[in-house]
Amino acid sequence: QHPSVDAGDGVGAYLAKRAEAHGIICRAISDTLAFAPPLIIEESEIDEIITAVGKALDDTMAMVEEKGIG
């Protein structure tokens with residue numbers, strides 16, 4: 001069971017910061033994570049994005065559990 005969080009908890013912003021720490025620039029908009037990759041993106045670059053965002057999600061889940069959010 002995954003926790004339910006409110007936008008005011010700052011989880012989205014934390015996730016965006018962790019993604020940036022893993023090399024991906026994205027934007028947290030309420031409960032949505034927005035990406036704007038170039039239209040000429042290569043498949044290997046998409047793989048890099050998915051890997052980095054996965055790491056950021058793991059980091060964020062650890063923070064949510066640590067702080068008891070949700």
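It should be emphasised that the depicted structure is a prediction, and the values quoted were computed from it without experimental measurement.
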What one should report as the nearest heavy-atom pair of C26 and A34 is CB-O, 3.2 Å

Check whether V64 and Y14 end up in the same hydrophobic cluster, where Ile, Leu, Val, Met, Phe, Trp and Tyr are linked by side-chain heavy atoms less than 4.5 Å apart. yes

Which residues pass the side-chain contact (heavy atoms from CB on, under 4.5 Å) test with K17, sequence neighbours left out? none

Please list, one pair per line, the donor and acceptor atoms closer than 3.5 Å that link side chains of residues 35-62 to other protein atoms, with sequence neighbours excluded.
residue	atom	partner	partner atom	Å
E45	OE1	E42	N	2.7
T51	OG1	D47	O	3.0
D59	OD2	R18	NE	3.0
D59	OD2	R18	NH2	3.0
D59	OD2	H22	NE2	2.7
T60	OG1	A56	O	2.8

